There are 2 protein chains.
Amino acid sequence: MTIGVLAEAAGVGVETVRFYERKGLIAQPRKPQRGFRYYAPETVERIRFIRQAQELGFTLRETRELLSLRTAPGADCAAVRAQAQAKLDDVMEKTRRLEAICQALQTLIAACPGKGPTVACTILDAFGSQGSQGAPQQVKVRRKQTKAQPSGSMKTLVLSISGMHCAGCTETVKSLLELEEGVQTAALSLEEAKARILYDSTVTEPGRLVKVVERAGYSASTPAE
Amino acid sequence: MTIGVLAEAAGVGVETVRFYERKGLIAQPRKPQRGFRYYAPETVERIRFIRQAQELGFTLRETRELLSLRTAPGADCAAVRAQAQAKLDDVMEKTRRLEAICQALQTLIAACPGKGPTVACTILDAFGSQGSQGAPQQVKVRRKQTKAQPSGSMKTLVLSISGMHCAGCTETVKSLLELEEGVQTAALSLEEAKARILYDSTVTEPGRLVKVVERAGYSASTPAE
DNA sequence: ATAGACTCCGTACCATGATACGGAGTCAAC
DNA sequence: GTTGACTCCGTATCATGGTACGGAGTCTAT
């Protein structure tokens with residue numbers, strides 16, 4: 001299979017395959033000098049493994065080490081064994097920590113429907129220690145790029161926003177606003193409780209942006225209203 | 001506590017604390033306008049949690065979402081619950097995958113001191129065949145044939161080899177020796193920790209063979225030395 | 001009240017893990 | 001044997017998660 005087919009099958013880009021090759025994670029299967037790469041079908045699995053390992057927090061270096069662990073002629077058995085054991089210890093430690101987070105989440109969920117009006121239970125509370133802080137939630141959306149417009153259609157809107165009580169809140173609101181079509185940038189100030197939004201007035205309008213903020217659980221108003 | 005003390009306690013740099021603050025992962029605890037940051041002691045835990053999450057492959061954005069999950073006073077408990085449940089599903093999926101890697105490593109380790117033939121068992125072999133015994137691949141090695149010589153140039157060398165602690169090791173050494181030019185056969189004994197090598201003294205010599213073994217990570221010596 | 005240690009803040013820089021680009025080369029199908 | 005899709009390769013660019021710098025400001029102890 002050629003690189004494009006492989007990439008497609010493994011769910012990555014062609015460039016990524018070449019990148020992994022450069023990093024020594026997959027072999028370079030070229031005939032003699034110049035020609036296409038032709039891959040064995042099992043390479044798909046290899047790439048999927050790499051992606052999984054990435055998502056689990058392994059670096060490419062570590063992943064390469066994992067992949068090259070083998071009991072084979074030419075490799076020192078004892079050394080391989082020791083390496084594998086070391087990796088195994090790492091992985092088990094990771095598993096333990098993940099399970100701790102898992103449990104903390106379950107605790108959090110169990111505590112949630114509870115009656116108490118002012119129960120501020122965060123994952124850290126459930127995790128072992130104290131500490132609290134919070135921000136309303138939001139939905140993850142893909143971002144639609146808004147290019148800078150040449151001339152007078154770009155306007156600045158200043159919104160007063162209440163309910164933002166930490167930097168996390170401002171980040172949330174900033175992200176939401178910048179995800180909105182027509183918004184080029186949004187500068188948030190926690191101290192002033194304000195957002196300065198540069199937007200394209202031919203694409204969106206203040207009322208819309210106010211709604212965006214309010215949908216996140218804050219209240220917003222245009223100061224000159 | 002000031003930022004330096006906090007950073008020290010959490011095992012990160014001062015700049016990192018400021019960085020997390022900018023990203024909205026920890027609150028900015030400044031008094032009025034200009035002055036030092038003073039942190040509550042539990043912030044240490046918070047930072048440690050962030051580092052752990054990082055190592056487990058969570059992005060800072062995800063970590064922030066985890067940290068800001070809470071059962072807030074009054075409002076939409078159901079939403080928080082749903083969010084937490086979604087996170088929990090993610091985390092459990094991660095845990096499952098880590099455990100798969102864990103198992104693959106254990107399989108790999110278990111295979112090492114195991115059976116006779118030279119199996120090339122990589123983590124991918126162990127990984128793909130979850131539970132079911134997927135065929136371990138026979139490594140194909142190119143052998144340079146050494147024909148039996150007619151007369152007196154064939155000699156036998158006995159090497160004492162230490163470091164071989166499983167049948168896999170003896171197979172490895174055997175393969176390596178028999179790949180060597182001039183070697184006709186090598187008989188390995190795990191119990192005696194010895195190799196009996198039939199070789200052509202016009203082509204190779206004991207010192208060379210010792211090197212072959214040592215290059216694989218074992219120590220070898222000629223007994224009559 | 002002054003030294004010395006620490007902190008502030010913006011900005012520049014870094015490594016990792018990708019992605020994008022573009023002109024030339026390759027291949028398979030017609 | 002020409003076309004058109006795909007590939008090659010080097011290099012440039014990007015996002016994330018930090019790290020480093022440096023001049024000015026702040027704290028604390030003496």
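No experiment lies behind these values; they were computed from the predicted model shown. Letters go in sequence order (proteins before strands), and every chain restarts at 1. Hydrogens, waters and symmetry mates are skipped; everything else that's a heavy atom, side chains included, is used.
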**Sugar-phosphate or base contact per nucleotide [nucleotides 3-14 of chain D; S, B, -; heavy atom under 4.0 Å]** = ---BSSBB----

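Between A/Gln54 and the phosphate of C/dT16, there is no side-chain N or O to OP1/OP2 separation shorter than 4.0 Å. For the pair B/Thr16 and D/dG17, the criterion of a side-chain N or O lying under 4.0 Å from OP1 or OP2 is not met.
A donor-acceptor pair under 3.5 Å links the side-chain atoms of A/Ser189 to the main chain of A/Glu192, judged by distance alone. In this structure a side-chain-to-backbone donor-acceptor pair under 3.5 Å is present from A/Thr63 to A/Thr59. When atom types are taken as modelled, the side chain of A/Arg64 and the backbone of A/Lys23 share a donor-acceptor pair closer than 3.5 angstrom.
Among the heavy atoms of the strands, none lies under 4.0 Å from A/Phe58.
With B/Phe58 as the aromatic partner, B/Lys87 does not meet the cation-pi criteria of under 6.0 angstrom to the ring centre and within 45 degrees of the ring axis.
A salt bridge is defined here as a Lys NZ or Arg NE, NH1 or NH2 lying under 4.0 Å from an Asp or Glu carboxylate O, and B/Arg96 with B/Glu93 meets this definition.
For the pair B/Leu60 CG and C/dG17 C1', the interatomic distance rounds to 15 Å; values are reported in whole Å. Atom pair A/Arg61:CZ and C/dA15:C1' shows a separation of 11 Å (rounding to whole Å applied). Residue B/Glu62 contributes atom CD, which lies 18 Å from atom P of D/dA15 at whole-angstrom precision. Taking atom CZ on A/Phe19 and atom C1' on C/dA18, their separation rounds to 6 Å, with Å as the unit. Rounding to whole angstrom units, CZ of residue B/Arg64 and P of D/dT16 are separated by 11 Å. Atom-to-atom, CG of A/Leu25 to C1' of C/dG17 comes out at 11 Å; the value is rounded to the nearest Å. Whole-Å rounding puts the A/Leu56 CG to C/dG17 P distance at 14 Å. C/dT16 atom C1' lies 15 Å from atom CD1 of A/Ile50, rounded to whole Å.
Among residue pairs with one or both ends in residues 50-62 of chain A, those qualifying as salt bridge (charged side-chain N to carboxylate O under 4.0 Å, His left out) are A/Glu55-B/Arg97; sequence neighbours excluded.
The two residues A/Leu88 and B/Cys102 have their closest heavy-atom pair at CD1-O, 3.5 Å.
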